Amino acid sequence: AQTVTQSQPEMSVQEAETVTLSCTYDTSESDYYLFWYKQPPSRQMILVIRQEAYKQQNATENRFSVNFQKAAKSFSLKISDSQLGDAAMYFCAYRSEGRDDKIIFGKGTRLHILP
Amino acid sequence: KAGVTQTPRYLIKTRGQQVTLSCSPISGHRSVSWYQQTPGQGLQFLFEYFSETQRNKGNFPGRFSGRQFSNSRSEMNVSTLELGDSALYLCASSLGLAGGETQYFGPGTRLLVL
């Protein structure tokens, strides 16, 4: 069975600094998608970034980028120039390319931004 | 476009009662998924519906059920509530079932079982 592990329950970073959130996963599939979702306090969860497993190039969305290591089954999220609005729970998620495969979430990392 | 809406936003029930939660997806979205979020277990998948059919189910007891209507709106029902059912229940919609599709989440229904 597929699993997603986020080993850092909480992290803190100084405003304007860079922080990396870790995520590892386990799967026997070769085609799948990986996601980072952000859940700000008392606000709705939103997609931060998505990575297709067949793409070697790491996905980037403005200040957010990933380090996707398929062989190591690692999918870390790097946030550059951290801002106060980045404070949130961050969830790493996995979903197989095959239809009817459910999405699996990690337990999340709570990120604090220190002013 | 309006986002995903969930009603009610807050609910207090007592053990043994049943509860029905509602989710209205983004217009045009045909897939609706439900999740239970608790501090200890994180986000756990409950079920996914597409075109009124349940396509996926998580590892929850039969007390948890759901359905989807022809307009893609979805409801989930929990019967014989237990204290451990206290959680934030999140609904998410997407256009279809493709693995890479973005899920758009609602604000959640916070259920407290006393």
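To find a chain, count down the sequence lines: A is the first, B the second, and so on, and within it residues start at 1. The structure presented is a predicted model; accordingly, all values stated were derived computationally and were not measured.
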Review point. In terms of heavy-atom proximity below 4.5 Å to chain B, should A/Y32 be classed as side chain, backbone, both, or neither?
Key: neither
Practice item. Please examine the side chains of B/W34 and B/F64, heavy atoms only from C-beta on, and report whether any two atoms are closer than 4.5 Å. Key: no
Exercise for review: Against chain A, work out which of B/G40, B/G58, B/G100 has the most heavy-atom pairs shorter than 4.5 Å and name it.
Suggested key: B/G100
Practice item. Tell me, yes or no, whether the heavy-atom count around B/R15 atom CZ, taken from other residues, nucleotides or ligands under 6.0 Å, exceeds 12. Key: no
Point to revise | Basic-acidic side-chain contact under 4.0 Å: B/E82, B/R63 | key: yes
Review point. Do A/T3 and A/D26 have side-chain atoms, one donor and one acceptor, less than 3.5 Å apart?
Key: no
**Study point:** Option that, when pairs with chain A are counted at under 4.5 Å, heavy atom only, ranks first among B/P107, B/G3, B/G108
**Key:** B/P107
**Study point:** Structural part of A/L34 lying under 4.5 Å from a heavy atom of chain B
**Key:** neither
Check your understanding: Which atoms of A/Q51 come close to chain B, meaning under 4.5 Å heavy atom to heavy atom: side chain ones, backbone ones, both, or neither?
Key -> neither
**Study point:** Side chain / backbone / both / neither for B/Q37 at chain A, heavy atoms under 4.5 Å
**Key:** side chain
Check your understanding: What part of A/L47 is in contact with chain B, defined as an atom under 4.5 angstrom from a non-hydrogen atom: side chain, backbone, both or neither?
Key -> side chain
Point to revise | Pair B/Y49 and B/F47, ring centroids less than 6.0 Å apart | key: yes
Check your understanding: Using a distance-only test with no angle check, is there a side-chain donor-acceptor pair under 3.5 angstrom linking B/R30 and B/S51?
Key -> yes
Study note, to complete from the structure: Under 4.5 Å to a heavy atom of chain A? For B/Q54 that would be neither
Point to revise | Residue pair B/L11 / B/V19, side-chain heavy-atom distance below 4.5 Å | key: yes
Review point. Checking B/Y35 against chain A: side chain, backbone, both or neither under 4.5 Å from a heavy atom?
Key: side chain
